[in-house]
Each structure stands twice: as structure tokens, then as C-alpha cells.
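Here is the structure we will look at.
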Amino acid sequence: MTPEELSAIVKSVLAEAAAAGDVALDTIPDEVRVERPKSRAHGDWATNIALQLAKPAGMKPRELAEVLAVRLNEQQGISAVEIAGPGFINITLDAASAGQLARAIVEAAETYGQNQTLAGSSINLEFVSANPTGPLHIGHTRWAALGDALSRLLRASGAEVTNEYYINDAGNQMNTFAESVLARLHGDEVPEGGYPGEYISELAQTVLEHHPDIKDQDRTHALPIAREIAYEEQMRRIRTTLENFGVHFDVFTSERTLHESGKLDDAVATLREQGHVEDRDGAVWLRTTDSGDDKDRVLIKADGEPTYFAADAAYYLDKRQRGFTEKIYLLGADHHGYVGRLKALAACAGDDTEHNIEILIGQLMSVKGAKLSKRAGNIIALDDLIEWLGTDALRYTLGRYPADSAIDVDPELLRSKTNDNPVFYVQYAHARACNAARNAHAQGVERTGPDDGGGFDAGLLSHEREEELLAHLAKFPTLVARAAQLREPHRVARYLEDLAAAYHAWYAKCRIAPSVTESGERQPVTDLNRSRLWLNDATVQVLRNGLDLLGVSAPERM
RNA sequence: GCCCGAGUAGCUCAGGGGAUAGAGCAGCGGCCUUCUAAUCCGCUGGUCGGGGGUUCGAAUCCCUCCUCGGGCACCA
């Protein structure tokens with residue numbers, strides 16, 4: 001039995017009690033939280049529902065708890081109900097009822113943990129969105145890992161998600177970029193304010209391959225050619241880096257196409273119709289202060305050129321038009337100044353800033369002793385980090401901290417293959433469990449046993465460590481739903497560490513395969529062996545499902 | 001100055017109205033003739049930054065102060 005199922009039982013019992021007039025309640029709460037108590041003395045699961053409903057029901061918490069406890073005691077699968085403290089209801093399950101979960105998980109396979117709490121929402125998740133003028137670097141790394149993990153979480157909870165990358169390919173920076181490439185092409189130093197780094201020389205080489213005569217052309221002619229080829233090549237490299245990092249984007253939107261397609265002008269017109277645009281001092285302004293921004297923002301400068309914000313506006317309206325109910329932005333703390341204007345923009349566009357737009361601000365990360373990349377310039381390149389630390393270690397580490405805590409990654413730790421390194425701890429648990437299963441098979445233990453029941457007897461999974469492991473496995477779907485709802489992938493990582501610990505502890509005490517006697521004789525395969533194999537494989541499944549949510553591999557051997 | 005975020009064990013950090021505040025590392029001490037010891041078991045370790053408030057109950061919510069990090073463009 002999972003906590004969700006138990007929660008449903010508590011709810012129905014509550015409804016029955018209300019219907020029978022034992023409890024004076026008009027409404028039954030949607031959510032009855034059932035939690036694993038910290039202390040095992042408090043049963044398998046506990047709920048504080050009696051404390052929460054005591055006031056509306058006009059009863060003392062313990063009295064209400066008593067009413068519910070009597071009814072709960074009659075429910076199937078529940079072996080004991082106790083009232084404790086101010087009015088907690090502590091519930092103990094039948095061993096068989098708890099153990100049944102092992103089989104349910106194996107049968108649900110990769111769908112175990114998936115839930116429908118976000119069904120019906122269509123989410124646009126924008127993250128990374130690095131400039132196409134250079135390689136991805138440490139500043140993008142955390143958002144790539146976190147954004148992709150969040151995307152997986154949201155999908156697992158039933159949402160439709162589009163991972164989107166916004167390419168800032170308009171504006172002056174592209175010409176600066178091209179000038180840097182041209183300078184390298186001619187063997188000159190990059191101009192003041194240009195882009196350093198050897199990658200510019202490599203891009204120049206690519207330009208030369210496509211246009212061997214480029215050096216002979218005059219600069220005004222050569223500039224757009226160099227710009228386009230270098231841009232294309234740089235984006236190709238960025239995509240490759242992202243793929244190496246296991247991050248996939250569904251849509252790349254180019255800022256330039258917003259200009260060229262006229263969407264920018266349309267956006268200004270639309271916002272003007274909505275009554276939020278105003279001409280002042282020769283410029284065109286969006287009155288974002290109407291919606292809580294601390295100052296109005298210019299859309300079209302006095303010289304007639306649109307601002308970056310105008311493109312943002314057009315882009316937002318474009319996303320809106322594409323039908324996304326929620327637009328999520330993942331931004332670094334260095335962009336926190338954008339929150340006010342983006343929210344105000346959403347409001348000006350007619351959206352509800354509580355539900356239709358969400359801006360997640362994350363603190364910055366650093367890596368102790370990371371070397372600036374000569375190749376990539378004055379930055380720490382993501383490619384180098386991947387090569388140095390590995391995708392799994394990086395993604396797991398970045399995935400295990402809340403976005404709003406600043407982190408300083410210790411490379412020695414990420415490279416270490418010990419208990420200190422959480423990613424190895426979790427992956428090792430998975431590999432170990434896979435090995436245990438292989439060993440069990442080799443000794444004739446199969447999940448499909450000789451009997452009709454497949455040799456699975458849930459009631460045999462009654463060892464203390466088994467109860468503990470089953471309880472952890474049971475928490476997974478609730479955890480996924482909650483992590484998705486809170487947009488906090490790190491909860492998955494923390495959960496996996498707990499689960500791995502529960503597995504290791506179980507493994508140390510409970511043999512799966514039959515043991516060998518002192519005289520070297522192998523004991524016969526029993527239903528206990530088979531049942532434990534189910535539990536082992538259920539753990540493999542949940543570890544794998546959880547690691548997959550983080551975009552981290554689950555090796556079968558280590 | 002204004003706006004975000006953080007402050008929890010020696011260190012790195014979880015926990016964000018519920019029961020005795022947790023984990024890993026570090027320190028001390030135990031388990032390998034049987035499925036992976038990259039594991040497990042025990043002990044030690046706390047003014048949850050300070051002060052007020054809200055309530056049956058506060059690390060958690062509110063106010064205030066202190067310290068640290070980040071941000072405050074007709075840049076892209």
C-alpha cells in the first residue's frame with residue numbers, strides 16, 4: 001500500500017464519519033497528508049488530520065482522532081491504529097499489505113512515480129538561452145542541469161513541456177562577434193571589446209573553409225558572411241555540448257526572426273491596443289509600472305531602434321500565442337532585475353502573473369580551482385567541466401542543491417569514488433542491486449517461481465530493514481509530484497540518497513540468494529528468496545527512475 | 001538607498017507550521033570464509049545569526065536588526 005492509497009482511505013473514512021454524523025464537517029479537505037514518522041515507534045504512517053480539523057469540527061483533536069481511529073481499524077491492510085501526542089493518528093500496515101508494493105513497482109516499471117498532478121498544463125520552459133557568440137560556460141551549466149531535470153519532473157507529473165532556448169542573435173553583439181572572427185582571419189588582434197579565445201580562430205577557420213576568398217573581400221562585404229557562418233558553427237557547437245550534457249531542447253527561437261517576421265512591430269501594436277504603450281521623449285515606452293515594475297521600460301529607442309526588451313515582449317506574446325498555459329523562465333541571480341519587467345510584461349499582455357508566468361531565480365555556482373579555458377577565452381567552459389568531472393557527477397551534484405542556494409563545487413569530491421560522493425553512492429546502490437539480481441538468477445532464483453503466484457509472498461517481507469526499504473519505495477510518487485509542484489528537482493536527489501541508504505542497510509542484513517552451508521551445500525530456493533528478489537528489483541527500478549529524472553545514468557556494473 | 005537570496009553540528013548542506021532538528025564528511029570505536037567493504041553498525045557533536053510577535057505547537061509564518069552574496073541600463 002502506498003501513502004496515496006492510505007491517504008484515500010483516510011479521506012473516505014472521514015467522509016463516512018461525517019455522513020454518519022460522528023463528525024460535524026461540511027467539507028472534507030482535498031489533501032490528507034500521510035507521512036512517514038521520524039520514529040518507528042510511531043507506526044508506519046501518520047496523519048495530523050485530526051489536529052487540522054479539530055477546530056472546524058468543534059471537537060478536541062484527540063476525540064476526533066478517536067472517531068477516525070475506530071473506523072480506520074476496520075479497513076483492510078491496516079493492522080494497528082494508535083492515537084498519540086496531541087492527536088496524531090499513527091497507522092501500522094499488515095506486512096503483506098506493505099510488501100505487495102514490491103510487486104506493484106516491478107510491474108509498473110518506468111511508470112512508477114509518474115503521476116497526473118500537473119495533467120492539463122502546457123508548459124514552456126526556457127533555460128540556458130546563452131548568446132551564440134561563444135561556448136557554453138560555467139554560468140550556463142547549472143541551468144542546463146536544473147532546467148532539464150525540472151522538465152523531466154514536470155513531464156513525469158503529467159504536464160506537457162516544451163524545452164526552449166532563446167538565441168540572442170540580433171543586435172550589435174553579432175557584428176562585434178563577426179569583427180573578432182574577421183580580425184583572427186587576418187591574423188590581427190581582436191578589437192577592443194571583442195571576443196577573445198581561441199575558439200574565434202577556429203570559427204575563422206570554418207569561415208575560410210566555406211569562403212576561401214573571404215580575405216580578399218572588403219570588410220563591409222565580408223562581415224555578414226563571416227557573421228553568418230561563424231554564428232551557425234557556434235550554435236552547432238553549443239548544441240553538441242548540450243547533447244553531451246544530456247540536455248535536449250525542443251525549440252530554438254531566434255531573436256532575429258522575431259524582428260524579421262514583423263512580430264516585434266505586432267507586439268508593440270498589440271500592447272498599444274491594450275493601452276499600456278506611451279510615446280515619451282521621442283521613444284516608445286511600455287508602462288510596466290502599471291503592473292508593479294519599478295520603472296517603465298523603453299520598447300523603441302529615440303533613434304528608432306527597438307530595445308532588447310521589445311524582443312522580449314514579442315517573444316512573450318509569441319509564446320502566449322502558441323498556447324502555453326505556463327511560461328517558466330530559469331534565470332541566474334545576475335538576471336534578477338528582469339523579474340519585475342517580465343512579470344509586468346505578462347500582465348500588460350493580459351496574463352495572470354500568478355499562474356501564467358513563473359520566473360525561477362537561481363544563485364550562481366563556482367568550481368574550486370577550475371581553470372579558465374584558453375580555448376574558450378576568459379571563461380570556464382562547460383565542455384572542459386564535462387571532460388574534467390563527467391556528465392553524471394556534474395548533473396547529479398548540480399541537481400542535489402536547491403536553486404536558491406549558492407554552491408561551490410569541490411572537484412576532488414566529484415572525482416572521488418567513495419561515500420563522500422553522493423552520485424557514486426546512489427549509482428553504486430543501483431549497480432550492487434543489479435549484481436545481486438544477476439547472482440540470484442545464477443542460483444536459480446526467479447521472480448516467476450514454480451507456483452501460480454510466482455513465488456511471491458508479500459507477507460514474508462517483514463524484516464525490519466524490509467519494512468524500512470518498502471516505506472522509502474512507497475514515498476516515491478508523492479515525492480515526484482511534490483518536487484514537480486515546487487519546481488525543486490533537488491528533492492529527487494536527496495530522496496535517492498535516502499533510498500540508497502535503505503537499500504544498503506537491507507542488503508547487509510537480508511540475503512536474496514540462498515546461502516551456502518559450511519559443507520558447501522547450497523540451500524534450496526524458497527519463496528523468501530523469490531520475494532526478496534522482487535523487492536530488490538523494485539529498488540533497482542525506483543533508483544533508475546529517480547536517476548533518470550535527474551538525467552544521470554544508472555550503471556548496471558561498476 | 002531600493003529589490004532578491006542566504007545565515008542550521010568543526011566542514012558541506014537538507015528540512016520551510018507538528019512528535020526527541022537530520023544526512024554526508026571530519027573525529028572516536030566496531031563488522032569481511034557466503035550475493036560488490038565504493039557497503040554496513042555504534043558513539044561524539046546544536047543558543048537553527050540576534051531580538052520581538054502570531055498559536056495548542058515556530059528552524060519553519062510576521063516585524064525588526066546584524067552579517068554575507070547578487071541585482072538595480074533608451075546594453076546585448
Side-chain angles (χ1 to χ4, degrees), chain A residues 33 35 37-39 41-42 46 48 51-52 54-55 60-61 84-88 90 131 133 168-174 176 255 280-285 294-295 297-303 305-311 332-340 361-364 400-410 413 416-422 424-425 427-429 431-443 445 465 486 490-491 493-494 497-498 500-501 503-518 520 522-523 529 532-533 536 557-558:
Chain A
R33 283 178 77 171
E35 289 180 330
K38 283 171 195 160
S39 164
H42 295 144
N48 64 351
L51 287 159
Q52 289 181 344
K55 199 168 280 179
K60 288 181 182 168
F88 292 104
N90 296 334
N131 286 340
T133 53
N168 296 126
D169 56 0
N172 225 356
Q173 59 168 346
M174 292 305 288
T176 308
E255 178 186 0
R280 197 194 309 158
D281 306 329
V284 179
W285 298 70
D294 51 2
K295 62 185 79 166
R297 306 290 168 175
V298 172
L299 289 168
I300 311 289
K301 295 188 262 184
D303 64 7
E305 287 296 309
T307 60
Y308 182 81
F309 181 63
D334 52 339
H335 283 71
H336 129 263
Y338 285 56
V339 174
I361 296 293
Q363 297 297 312
L364 305 179
R400 82 185 281 270
Y401 297 98
D404 52 15
S405 70
I407 51 176
D408 185 18
V409 173
D410 179 356
L413 194 67
S416 78
K417 300 186 172 184
T418 66
N419 202 359
D420 319 6
N421 190 350
F424 278 98
Y425 184 77
Q427 285 184 319
Y428 177 66
R432 192 182 210 190
C434 287
N435 190 66
R438 282 191 297 270
N439 181 65
H441 292 312
Q443 297 199 40
V445 182
R465 297 285 172 88
L486 295 172
H490 76 275
R491 288 171 185 274
R494 301 290 170 160
E497 288 162 31
D498 289 345
Y503 177 78
H504 286 309
W506 173 66
Y507 180 96
K509 284 281 180 188
C510 300
R511 277 194 66 89
I512 299 159
S515 51
V516 179
T517 58
E518 282 182 25
R522 184 175 298 164
Q523 303 287 62
N529 299 123
R532 283 181 172 169
L533 181 58
N536 182 78
R557 294 172 200 274
M558 286 174 76

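Remember, predicted model here, so these are calculated numbers, not experimental data. Letters go in sequence order (proteins before strands), and every chain restarts at 1.
One N or O on the side chain of A:D303 and one on the backbone of A:E305 form a donor-acceptor pair closer than 3.5 Å. With A:D169 contributing its side chain and A:E255 its backbone, the two residues share a donor-acceptor pair below 3.5 Å.
When the P atom is used for both B:C62 and B:G7, the distance is 14 Å, rounded to whole Å. Annotation: B:U39 and B:G50 have their P atoms spaced 35 Å apart (nearest Å). If you take atom P in B:C63 and the same atom in B:C25, they sit 39 Å apart, rounded to whole Å.
With rounding to whole Å, A:D334 atom CG is found 8 Å from B:C72 atom P. Atom OH in A:Y507 sits roughly 11 Å away from atom P in B:A38 (whole-Å rounding). Separating the CG atom of A:N172 from the P atom of B:C74 is a distance of 17 Å, rounded to the nearest angstrom. Counting to the nearest Å, the P atom of B:G5 and the CG atom of A:D404 are 8 Å from each other. B:G69 atom C1' lies 12 Å from atom CG of A:D408, rounded to whole Å. For A:L413 and B:A38, the CG to P distance is 17 Å, given to the nearest whole Å. The CD-P distance, from A:Q363 to B:G71, rounds to 10 Å in whole Å. In this structure, A:I407 atom CD1 and B:G5 atom C1' are separated by 14 Å, rounded to whole Å.
Contact check, A:Y338 against B:G70: no side-chain N or O comes under 4.0 Å of OP1 or OP2. Regarding contacts with the backbone of B:C41, every side-chain N or O of A:K509 stays at 4.0 angstrom or more from both OP1 and OP2. Listed pair A:K301 / B:A76 meets the phosphate criterion, a side-chain N or O lying under 4.0 Å from OP1 or OP2. OP1 or OP2 of B:A73 lies within a sub-4.0 Å distance of a side-chain N or O belonging to A:K295. An OP1 or OP2 oxygen of B:A76 is reached within less than 4.0 angstrom by no side-chain nitrogen or oxygen of A:T133.
Within 4.0 Å (heavy atoms only), A:H490 reaches sugar-phosphate atoms of the nucleic acid but no base atom. Across all strands shown, A:R491 has heavy atoms under 4.0 Å from sugar-phosphate atoms exclusively, and none from any base. Nucleic acid contact class of A:A440 (heavy atoms, under 4.0 Å, all strands): none. Within the nucleic acid shown, A:A431 comes within 4.0 Å of at least one base atom, counting heavy atoms only. Among the atoms of the strands shown, only primed sugar atoms or phosphate atoms (P, OP1, OP2) are found under 4.0 Å from some heavy atom of A:R494. Among the protein residues, A:A170 comes within range of the sugar-phosphate backbone only, with heavy atoms under 4.0 Å from sugar or phosphate atoms but none that close to a base. Using a 4.0 Å heavy-atom distance criterion, A:C510 is classed as a base contact. When heavy atoms are screened at a 4.0 angstrom cut-off, A:G171 is found touching the sugar-phosphate backbone but no base atom. Among the atoms of the strands shown, none is found under 4.0 Å from any heavy atom of A:F309. Residue contacts for A:S515: at a heavy-atom cut-off of 4.0 Å it reaches a base atom on one of the strands shown. Nucleic acid contact for A:A54: none, since no nucleic acid atom lies under 4.0 Å from a heavy atom of the residue. Within 4.0 Å (heavy atoms only), A:H336 reaches at least one base atom of the nucleic acid. Residue A:I300 is classed as having no contact, given no heavy-atom separation below 4.0 Å to the nucleic acid. Base engagement by A:A513 is indicated by at least one non-hydrogen atom pair under 4.0 Å involving a base atom.
When distances are taken from the side chain of A:K55 to each of B:A19, B:C56, B:A76, the shortest belongs to B:C56.
Pair check for B:C75 finds none; no Watson-Crick or G-U wobble contact set falls under 3.5 Å. Nucleotide B:U33 forms no Watson-Crick or G-U wobble pair with any nucleotide shown, as no partner meets the under 3.5 Å limit on both distances. Both distances falling under 3.5 Å, in either a Watson-Crick or a G-U wobble arrangement, place B:C28 opposite B:G42. Pair check for B:U20 finds none; no Watson-Crick or G-U wobble contact set falls under 3.5 Å. With a 3.5 Å ceiling on both atom-pair distances, the Watson-Crick or G-U wobble partner of B:A6 is B:U67. Under the Watson-Crick and G-U wobble criteria, each requiring two contacts below 3.5 Å, nucleotide B:U60 is left unpaired.
Cation-pi contact between A:R465 and A:Y503: absent, since separation from the ring centre below 6.0 Å together with deviation from the ring axis within 45° is not met.
Comparing A:N131 and A:Q443 against RNA chain B, the residue whose closest nucleotide sits nearer the 5' end is A:Q443.
Base orientation of B:C11: anti, since the glycosidic angle falls outside 90° of 0.
Not a single donor-acceptor pair, N or O on each side, falls under 3.5 Å between the base of B:C40 and the side chain of A:Y428.
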